[in-house]
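Accompanying notes for the structure given below.
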Amino acid sequence: KQEVTQIPAALSVPEGENLVLNCSFTDSAIYNLQWFRQDPGKGLTSLLLIQSSQREQTSGRLNASLDKSSGRSTLYIAASQPGDSATYLCAVCSGSRLTFGEGTQLTVNP
Amino acid sequence: GAVVSQHPSWVICKSGTSVKIECRSLDFQATTMFWYRQFPKQSLMLMATSNEGSKATYEQGVEKDKFLINHASLTLSTLTVTSAHPEDSSFYICSAEARGQGADTQYFGPGTRLTVL
């Protein structure tokens, strides 16, 4: 059974800092890995999707990497802003099923 | 882009009543829809997978008689929480998989907040 773990559970940083969120998974037989953003009481916004054959994806200030063999992914956020405050979820796709981590709650202080 | 809507966005009901939540794919056909539940400060947990025209597949520990899922068309799936109790209070999110695309193309709805008094 796939298990997804995210570290840290919560993170508070001052505006402008670069930061890294971590995600690990137990079964490396995945199709892809996806990072989502969730604002309080809201649904999910897809940020980046990395196929199993890829090593990283970039979108603006976000960069996600994938090391499938070691079961790890990182989400790098450059020059963080207060608007980046949200919960970031990592999800691994195996077959037709997404398994989510518990998320990292990020607070960027002005 | 692909849009998935949910209705209602929030609902408050008395214990013992049944609540129906709709999930619609607005601009694409969804052969498969997924229902997730999210408790406060926790992640999304898959409840069931529904395929159009067939019975839903429930995850272990999810009561199929309590959470009735109907996927009667390629654009609509419904989740009915029967005889809801306070412990059913949660955030319910659906996602839809577009026809012809792989499992990676799940589009998520905005969620429905259910509060059972």
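The sequence lines fix the lettering, A, B, ..., with proteins before strands; numbering per chain opens at 1. In what follows, every heavy atom counts, from backbone to side chain, and hydrogens, waters and symmetry copies are set aside.
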From B:Asn51, B:Thr57, B:Thr49, residue fulfilling side chain to side chain donor-acceptor pair (under 3.5 Å) relative to B:Thr32 = B:Asn51

ask   = Rounded to the nearest 0.5 Å, how far does CD of A:Gln34 lie from CG of A:Leu47?
value =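 If we round to the nearest 0.5 Å, A:Leu47:CG and A:Gln34:CD are 9.0 Å apart.
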
Residue part contacting chain A, namely of [X], when any heavy atom lies under 4.5 Å:
X	value
B:Gln60	neither
B:Gln38	side chain
B:Ile93	side chain

inquiry  = Need one label for A:Gln6: side chain, backbone, both or neither, based on atoms under 4.5 Å from any heavy atom in chain B.
reply    = neither

task = Taking the side chain as every heavy atom from C-beta outward, state whether B:His71 and B:Glu52 have any atom pair closer than 4.5 Å.
result =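 Yes. Closest side-chain heavy atoms under 4.5 Å.
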
Partners meeting ring-ring contact (aromatic ring centres under 6.0 Å, His included) with A:Phe36 (sequence neighbours left out) = A:Phe100, B:Phe108

